[in-house]
Amino acid sequence: MITIFDELKQRGLIKDTSNEEEVRQLLSTPTTIYSGFDPSAISMHLGNFVQISILMRLQQAGHRIIAVVGGATGMIGDPSGKSKERNLLNQASLQANTNAIKKQLERYLDFSDPKKGIVVNNVDWLGKLSMIDYLRDYGKFFPINYMLAKDVVANRLESGLSYTEFSYMLLQSIDFLHLYQREGCQLQFGGSDQWGNLTSGLELIRKVGTSDKKAGVFSTPLITRNDGKKFGKTEDGALFLDASLTSPYAIYQYFYNVDDVTALNYLKVFSFDSLQILKDIETQHQANLGQRVAQKYLAAGIVKVLHGEAQLNEAKMMSEVLFTGQFKSLNESQLLSVLGGLKVNLPEGILLEDALIQTSAASSKREAREFIQGQSISINGETMNQLSYTLKKEQALFGKYVVLRRGKKLYVLIELQS
RNA sequence: GGAGGCUUAGCGAAGCGGCCAAACGCAGCUGACUGUAAAUCAGUUCCUUCGGGUUCGGUGGUUCGAAUCCACCAGCCUCCA
């Protein structure tokens, strides 16, 4: 039986460690470990999910986990990984984001028993801190030259960095110290862009030195794609965990489309199956090149964890139907369940050109015409290259639906309104 | 405080009075091939009522005509103090 630390390492989930032996030691018996999540958007995306999944693994391995939602730090803005000063979020959207993110964390992590794990909001302690206390109790431990030497700060000296963002590091450090003292939390981890913040927290704990209990941190590598594309990005932006922002089908397709090398790496990162099972998958994949064994397994695994079995089956069915072009054989409710998530209402008699723009399948008329003339558009499975074509109920499925396809992978279901 | 240079489409980078809606590379999109992959090949990438309209850091000017010349402003870079 390998330890959770080594398992994470073998899965390629650990980049840097404050002191590898020490962290391995700490994780060899049940302990408390935390990671933070910024409420900078209404939903977390697949990049955040890597962190969440590590918490899930740690929790399954018997550790107590703490998920910190950055209600306070979110008000400041983390300069890490950013080339420009961020705009501050207003209170209302910050509050909405914080709540939404808490909900999402609760979906994947077990907070039923505080012994297993808790979610906390750092505004609970940072919010109460007075300016003077902040400067006396914490600021004193941060030499300016130490802070300036951090990559995060150094990289921004040219382009500019406000005092506000400069202070971010201290706030995250205070978080760690707080959890260390109150919750006996000795470990923190975060993305590799967080390295500066992670180590400064460690530094603070060391200096304040209220107990001799060890503390450690580790960072996770940036997950990338083998073909150089950014992880978790589609043309429309990030892949979100919220099903209403990114459909389970879109997630399924995203992973299904990944190249071979990436798929095998991602399996280690995202799958909760043992490394032994993954090894078998790899063997099967290599033996049946072209079957996309790894991609299928990967996509199914992720959608199942993210959205559950029912959503997975639907995503699979949609993929099956869409890529064999059999949607004409579906009945109305099946059609809706397959494409309902992509439905748009348009008036009957609309010009195909305009329909493409209305559905965002094309960004301008010029482009719409280019697609039509380039045989890229199909209506209910038939290629349509007439510019003058209008969408009518007579040709629609069940008297009102038109399945519009652009290229190979972009589908829209249009419901005609008279 | 002084001297010089730079700023072109998503990015990189040509163009230096008309032939410029602007070469080329990357990236994106579409088609062919394929494994819903990669590689490769082809097309395409400001908007349009297809007449034209709006672009080359910003604002004014010179000119029949400006991305190209001039003035001012802003940002970035190098050197001197």
Side-chain angles (χ1 to χ4, degrees), chain A residues 83-85 155-161 224-239 246-267 281-303 312 314-327 338-339 342 349-379 381-390 403-412:
Chain A
S83 56
K84 275 193 289 200
E85 185 82 8
N155 294 342
R156 284 280 294 277
L157 287 179
E158 286 291 331
S159 57
L161 175 73
T224 55
R225 276 179 75 146
N226 195 44
D227 59 9
K229 287 177 187 157
K230 275 191 196 145
F231 165 68
K233 292 275 181 185
T234 67
E235 307 93 77
D236 312 317
L239 291 170
T246 303
S247 68
Y249 166 75
I251 304 235
Y252 185 82
Q253 282 297 320
Y254 178 83
F255 286 101
Y256 199 119
N257 274 303
V258 134
D259 65 89
D260 294 6
V261 177
T262 305
L264 293 167
N265 283 332
Y266 278 8
L267 274 176
I281 297 291
E282 179 167 357
T283 311
Q284 274 181 51
H285 181 85
Q286 301 298 357
N288 302 284
L289 284 174
Q291 295 293 306
R292 306 183 79 81
V293 176
Q295 283 92 335
K296 282 181 194 169
Y297 196 81
L298 171 71
I302 291 178
V303 174
L312 167 62
E314 193 177 307
K316 270 186 179 168
M317 185 171 96
M318 277 174 81
S319 300
E320 180 67 21
V321 168
L322 295 178
F323 286 93
T324 52
Q326 287 167 348
F327 53 84
V338 169
L339 285 166
L342 312 167
I350 188 168
L351 208 57
L352 177 55
E353 239 174 74
D354 295 322
L356 288 171
I357 293 174
Q358 296 283 320
T359 55
S360 311
S363 63
S364 72
K365 289 213 171 185
R366 209 216 77 262
E367 192 175 74
R369 257 174 245 132
E370 185 186 312
F371 286 138
I372 296 170
Q373 288 169 336
Q375 319 246 30
S376 309
I377 302 298
S378 76
I379 299 284
E382 313 279 327
T383 305
M384 173 49 63
N385 60 2
Q386 292 167 34
L387 286 175
S388 56
Y389 187 80
T390 56
V403 178
L404 185 70
R405 179 160 86 132
R406 187 204 86 201
K408 290 196 180 93
K409 294 169 190 170
L410 188 113
Y411 280 91
V412 188

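A note on names: the letters A, B, ... follow the listed sequences, proteins ahead of strands, and every chain is numbered from 1. Just so you know, these numbers come straight off a predicted model, no measurement behind them.
- Between A:R366 and the phosphate of B:C46, there is no side-chain N or O to OP1/OP2 separation shorter than 4.0 Å.
- Separation of the P atoms belonging to B:G60 and B:C11 is 25 Å when rounded to the nearest angstrom.
- Between A:R292 and A:V258, the shortest heavy-atom contact is NH2-O, 3.7 Å.
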- Task: Begin with the C-alpha distance, continue with both residues' side-chain angles, and end with the deciding distance and a verdict on side chain to side chain contact (heavy atoms under 4.5 Å, CB included) for A:E314 and A:Y249.
- Result: CA-CA 8 Å; A:E314 193 177 307; A:Y249 166 75; over 6 Å; no
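- Taking atom CG of residue A:D260 and atom C1' of nucleotide B:U34, one finds them 12 Å apart after rounding to whole Å.
- When both distances must be under 3.5 Å, the Watson-Crick or G-U wobble mate of B:G43 is B:C29.
- Side-chain proximity of A:E370 to the nucleotides B:A37, B:U45, B:G35 is greatest for B:U45.
- Nucleotide B:G65: unpaired (no Watson-Crick or G-U wobble partner with both distances less than 3.5 Å).
- For the pair A:Y256 OH and B:G35 P, the computed distance is 12 Å after rounding to whole Å.
- Distances shorter than 4.0 Å separate some side-chain N or O of A:K409 from OP1 or OP2 on B:A37.
- Across all strands shown, B:C20 forms no Watson-Crick or G-U wobble pair with both distances under 3.5 Å.
- Side-chain nitrogen and oxygen atoms of A:K365 include at least one within less than 4.0 Å of the OP1 or OP2 phosphate oxygen of B:U49.
- Note that the CD1 atom of A:I251 and the CG atom of A:L312 stand 12.0 Å from one another [nearest 0.5 Å].
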- Stepwise side chain to side chain contact (heavy atoms under 4.5 Å, CB included) test for A:S319 and A:Y252: CA-CA 9 Å; A:S319 300; A:Y252 185 82; 3.3 Å; yes
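- Using a 4.0 Å heavy-atom criterion, one finds that A:Q253 contacts the bases of the nucleic acid, with or without backbone contacts as well.
- Rounded to whole Å, the separation between the P atoms of B:A22 and B:C16 comes to 16 Å.
- Nucleotides B:G17 and B:A81 have their P atoms positioned 37 Å apart, rounded to a whole Å.
- Taking the P atom of each, B:A38 and B:G53 are spaced 42 Å apart, rounded to whole Å.
- Remark: the separation of the P atoms in B:G28 and B:A21 is 29 Å, to the nearest Å.
- Summarising the base pairing, B:A81 is matched to no nucleotide, lacking a Watson-Crick or G-U wobble pair whose two defining distances lie under 3.5 Å.
- Rounded to whole Å, the distance from NZ on A:K316 to C1' on B:U36 is 16 Å.
- With a 3.5 Å ceiling on both atom-pair distances, the Watson-Crick or G-U wobble partner of B:U59 is B:A71.
- Closest non-hydrogen pair, A:H285 versus A:V293, comes out as ND1-N, 3.6 Å.
- Spacing between B:A74 and B:G57 at atom C1', rounded to whole Å, works out to 8 Å.
- When each of A:I357 and A:H285 is assigned the nucleotide of RNA chain B bearing its nearest heavy atom, the one mapping closer to the 5' terminus is A:H285.
- A side chain to side chain contact (heavy atoms under 4.5 Å, CB included) with A:V412 holds for exactly one of A:L339, A:L356, A:T359; it is A:T359.
- We find that CG of A:L264 is positioned 17 Å from P of B:A37, with the value rounded to whole Å.
- For the pair A:R369 and B:U49, the criterion of a side-chain N or O lying under 4.0 Å from OP1 or OP2 is met.
- As rounded to whole Å, 17 Å separates atom P of B:U44 from atom CZ of A:R406.
- When rounded to the nearest whole Å, the span between CG of A:N257 and C1' of B:A37 equals 8 Å.
- Map A:F371 and A:E353 each onto its nearest nucleotide of RNA chain B; the residue landing nearer the 5' end is A:F371.
- Following rounding to the nearest Å, A:I377 (CD1) and B:U30 (P) show an atom-to-atom distance of 9 Å.
- Between A:S364 and B:U48 there is a side-chain N or O to OP1 or OP2 distance below 4.0 Å.
- To the nearest whole angstrom, the two C1' atoms, one in B:G18 and one in B:C80, are 42 Å apart.
- Looking only at atom types and distance, the side chain of A:D259 has no donor-acceptor partner in the side chain of A:Q295 under 3.5 Å away.
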- For A:L264 and A:Q286, what are the C-alpha separation, side-chain angles and deciding distance, and is it a side chain to side chain contact (heavy atoms under 4.5 Å, CB included)? CA-CA 10 Å; A:L264 293 167; A:Q286 301 298 357; 3.8 Å; yes
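- Glycosidic conformation of B:G51 is syn; the angle stays within 90° of 0.
- Nucleotides B:A67 and B:U7 place their P atoms 16 Å apart, quoted to the nearest Å.
- Rounding to the nearest 0.5 Å places CG of A:L352 at 9.0 Å from OG1 of A:T390.
- The NZ-P distance, from A:K408 to B:C29, rounds to 12 Å in whole Å.
- Listed by residue number, A:G290, A:R292, A:Q295 are the residues of residues 287-295 of chain A with a heavy-atom contact under 4.0 Å to RNA chain B.
- From A:Y411, atom OH reaches atom CE of A:M318 across 10.0 Å, with rounding to the nearest 0.5 Å.
- With both pairing distances under 3.5 Å, B:U54 is matched to nothing as a Watson-Crick or G-U wobble pair.
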